[in-house]
Amino acid sequence: MPALPALPEVGSEREAVAPEHPVAPVAGGGVVGGGPDRQAVVGGGPDRQTLATAVRYTLQLLAERAKGNTVEVRVPPFGAVQCIEGPGHTRGTPPNVVETDAQTWLALVTGSLEWMPGVESGRIHASGQRADLRGYIPLTGLPRPVA
């Protein structure tokens, strides 16, 4: 059996130290990564926990204000709700689905992004005859972000 190479001494030039949770720079000056105990920031935006809370809160507000189960609104990975009165579904994939990312969702509910430009740009995926949130968003009473 061949001998194992000697380990470098601590502080030597050969010592390679890899971070426990590496981070990667991204455009805009933020970083992605940092491990589960550190907050990942992208472009100076909110940390993941704040983003998740804002998405879940606004999804809950939508469900309370537009009661029903005709349309399923999905904002992965943070949440999904069923809303809007009309024919519902009980099993399988719902026929009316709206899906978007968290930043787009928050822009919609605060009025920073209108429905049609969001759909036309591909930021919002809406399928089904009733998959239209116009008239329900923006959610009134939410502060509009400052640009």
Side-chain angles (χ1 to χ4, degrees), residues 7-8 10-147:
L7 295 174
V10 174
S12 75
E13 291 181 308
R14 294 179 50 207
E15 178 185 27
V17 178
E20 182 178 332
H21 300 288
V23 296
V26 295
V31 295
V32 175
D37 58 335
R38 299 182 187 147
Q39 297 173 346
V41 178
V42 178
D47 63 81
R48 184 175 170 84
Q49 185 174 356
T50 302
L51 191 62
T53 301
V55 167
R56 290 176 184 139
Y57 174 73
T58 54
L59 283 171
Q60 180 181 350
L61 278 179
L62 175 67
E64 290 171 0
R65 293 179 184 183
K67 294 192 184 297
N69 63 349
T70 298
V71 178
E72 184 166 295
V73 180
R74 300 174 180 169
V75 184
F78 301 118
V81 295
Q82 292 183 1
C83 59
I84 304 176
E85 288 184 21
H89 70 281
T90 56
R91 295 174 38 179
T93 302
N96 301 292
V97 176
V98 172
E99 187 167 338
T100 189
D101 62 89
Q103 289 82 3
T104 300
W105 172 250
L106 294 176
L108 278 171
V109 300
T110 59
S112 297
L113 174 66
E114 292 184 18
W115 178 259
M116 286 311 297
V119 171
E120 291 167 355
S121 69
R123 293 176 64 188
I124 302 167
H125 302 282
S127 61
Q129 292 179 339
R130 297 175 179 261
D132 189 335
L133 298 180
R134 286 180 289 187
Y136 300 99
I137 56 167
L139 296 172
T140 57
L142 293 178
R144 193 170 182 161
V146 179

TODO: Kindly compute the distance separating CG (Leu133) from CG (Leu139), expressed to the nearest 0.5 Å.
DONE: 9.5 Å
Open item on the list: Any non-hydrogen side-chain atom of Gln103 less than 4.5 Å from a side-chain atom of Ser112?
Closed with: no
Open item on the list: Looking at every heavy atom in both Thr110 and Pro138, which two are closest together, and how far apart are they?
Closed with: C-CB, 4.0 Å
TODO: Side-chain contact test, heavy atoms from C-beta onward, threshold under 4.5 Å: evaluate it for Trp115 versus Val98 and give yes or no.
DONE: yes
- [ ] Please say whether more than 12 non-hydrogen atoms of neighbouring residues, nucleotides or ligands are located less than 6.0 Å from CD in Glu64.
- [x] yes
Task: Nearest-0.5 Å distance, CD1 of residue Ile124 to CD1 of residue Ile137 - done: 6.0 Å
Open item on the list: Nearest 0.5 angstrom please: Asp132 CG to Arg134 CZ, how far?
Closed with: 4.0 Å
Task: Within residues 116-126 or reaching into it, pairs that qualify as side chain to side chain donor-acceptor pair (under 3.5 Å) - sequence neighbours excluded - done: Thr104-Arg123
Task: Atom pair CG (Leu108) and OG1 (Thr58), whose distance is rounded to the nearest 0.5 Å - done: 10.0 Å
Task: Shortest non-hydrogen contact from Ala63 toward Gln82 - done: CB-O, 4.1 Å
Task: Exercise: identify the closest heavy-atom pair between Pro46 and Leu51 - done: CG-CD1, 4.1 Å
TODO: Compare every heavy atom of Ala131 with every heavy atom of Asn96, then report the nearest pair and how far apart it is.
DONE: OD1-N, 3.9 Å
Open item on the list: On a heavy-atom basis, which atom in Cys83 and which in Val73 lie closest, and how many Å separate them?
Closed with: SG-CG2, 3.8 Å
Task: Thr70 OG1 to Glu85 CD distance, which is reported to the nearest 0.5 Å - done: 8.0 Å
Open item on the list: Nearest 0.5 angstrom please: Leu62 CG to Tyr136 OH, how far?
Closed with: 9.0 Å
